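Chain identifiers are assigned alphabetically (A, B, ...) following the order of the sequence lines, protein sequences preceding nucleic acid strands; residue numbering begins at 1 within each chain. Please read all numbers here as calculations on a predicted model, not as lab measurements.
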2 protein chains.
Amino acid sequence: MSLTEAKQNPDTRERILDAAESLFVEFGFEATSMRQITGRAGVNLASINYHFGSKEALIQEVFRRRLTWLNRERLNALERFEKEAQGAPLKPHQIVEAFFGVSLRMAADTEHGGHTFMRLLGRTYTEPSAFVRQFLADEYAAVVPRFKQALFRSLPDVPPEEILWRFHFMLGAMSYAIAGTDALQLVAEHELDEKDPGALARRLMPFLLGGLRAPLAEASAKPREKGPRRAI
Amino acid sequence: MSLTEAKQNPDTRERILDAAESLFVEFGFEATSMRQITGRAGVNLASINYHFGSKEALIQEVFRRRLTWLNRERLNALERFEKEAQGAPLKPHQIVEAFFGVSLRMAADTEHGGHTFMRLLGRTYTEPSAFVRQFLADEYAAVVPRFKQALFRSLPDVPPEEILWRFHFMLGAMSYAIAGTDALQLVAEHELDEKDPGALARRLMPFLLGGLRAPLAEASAKPREKGPRRAI
DNA sequence: GCTCGTTTCAAACGACCGTTTGAATGATAC
DNA sequence: GTATCATTCAAACGGTCGTTTGAAACGAGC
């Protein structure tokens, strides 16, 4: 030991996961090599395969370690509202708050990597890789049906199919809002207040609710001019 | 020649572009190898470097060939509305129609690869790779300011900053709606009408407009219960 | 001290990557 | 025919990938 005092190991696993998470956001799964990860983590190349088994397993663990908590938190929030409502249908804004509010609060946490992870998660919804998609589907299996049911009860006059589409649209808007800071630069050169982490939530939630509760399109052709009146 | 009658070459370049486009959607840029591309295109491995120079240049050409047309079409639609309005501010739904309607019509075209391309484009907004992002920024440089100005004029009571955010949200919702058929399966097991290519536009446009024209959040904390009333 | 199970290490493995090369092929003009 | 040009081809290039290996270093129990 003598000279190298840095050799005590806080937790190799955690350091690998943190390094991988940030590199995946930066370069994507495929473009990030195991040598980059171990390099940033300051550990030996072989330790990834030793601790996780393979790169693929590492990717899954990067997600699992945060996603399990995130989804439980979402369910907790929903159940809290449901207990409050005593059997009555929830308000749409409560359901949106339970699902997206939790995500946005995690995305606002820049201290413990929550922001990094949410960027990664948002990008991953469109990830081509089959095993990542399968993994996400499994992780969401317990959450999505609960929120679907809550939305169906909350909006009894909207066809369930329409609700699913709009849930999908909301997911997209949020994912991009978090993941696509790069795409945002495309729209606004430099004028936005990205500093405040809570700003995103304050801006996104009204948008999501406005979209979710928008009037339905006529069944026939595309809506002609003189659409339904709206404030603002 | 004799036996191999298939050797006549319609257009090697186009076949490479088509093969690359579909493979990029399927596996992503990094995970798609040049051997896969030339294999699907039925051409020699070296022909990519011969015709395009490099893999990177091929990726850019895949985008340029469709994106240039798409953005010109968006501008044309906007200018058509502006001519109609004779100097008056456009209606929000006209601006949304000009920008997103064109995209959605392209996405509805499954015959000539428009659908494939729009899936690819949507995914690429969150693409980490630096050169792809730079390329997109250049391609959109002529379009985005025009639509920003139109929106500012159309919604004079909404702070410009807020409009930019909502434009970004709309972009996200559309991109996911097109790119993330996979993510949609996550929400709806099998119940959606994915067959009809026009269905997406009919469902998405009201959502976008609802979000764009949603009431602003209070300036202070997060909106408390009893949010602004809304139909449906 | 020694032993045993866990973790780290440097080095190498075969496979695949994007790219380059130089010869073969095709079409066109003379 | 020959010469000229663009295109295609099979083969190879150096480099990087994820993974494996076997030895070294470590810590805990005795």
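In this entry the distance linking CZ of A:F52 with P of C:dT7 reads 12 Å, nearest Å. Look at CG on B:D11: it is 16 Å from P on D:dA6, rounded to the nearest Å. Atom P of nucleotide C:dC9 and atom CD1 of A:I16 are separated by 10 Å, given to the nearest angstrom. Whole-Å rounding puts the B:Y50 OH to C:dT20 C1' distance at 15 Å. Computed from coordinates, the B:K55 NZ to C:dC16 C1' distance equals 12 Å when rounded to whole Å. Rounded to whole Å, atom P of D:dT8 lies 13 Å from atom CG of B:N49. Taking atom CD1 of A:I48 as the reference point, atom P of D:dT19 lies 9 Å away to the nearest angstrom. For the pair B:F29 CZ and C:dG18 P, the interatomic distance rounds to 13 Å; values are reported in whole Å.
In this structure, A:S33 reaches the D:dC17 phosphate: one of its side-chain N or O atoms is under 4.0 Å from OP1 or OP2. Side-chain N/O atoms of B:S47 include none lying less than 4.0 angstrom from OP1 or OP2 on D:dT7.
Checking A:N44 against A:R35, the closest nucleotide of DNA chain C that is more toward the 5' end is the one next to A:N44. Nearest-nucleotide assignment on DNA chain D puts the 5′-proximal partner with A:A31, out of A:G53 and A:A31.
With hydrogens and angles disregarded, no donor-acceptor distance shorter than 3.5 Å links the side chain of A:R146 to the backbone of A:E79. A donor-acceptor contact shorter than 3.5 Å is absent between the side chain of B:T68 and the backbone of B:R65.
Among the heavy atoms of the strands lying under 4.0 Å from A:T32 are primed sugar atoms or P, OP1, OP2 only; no base atom is included. Residue contacts shown for A:L45 include a base, since a base heavy atom lies under 4.0 Å away.
Annotation: the span from A:E127 atom CD to A:L136 atom CG amounts to 9.0 Å, rounded to 0.5 Å.
Nearest to the side-chain atoms of B:H51 among the listed nucleotides C:dT8, D:dT8, D:dT20 stands D:dT8. In this structure, the nucleotide among C:dA10, C:dT8, C:dT21 sitting nearest to the side chain of B:A46 is C:dT21.
Counting only N and O atoms by type, the side chains of A:R119 and B:T126 include no donor and acceptor under 3.5 Å apart.
Using a 30° and 60° split on the angle between ring planes, B:F24 and B:F29 fall in the perpendicular class, above 60°.
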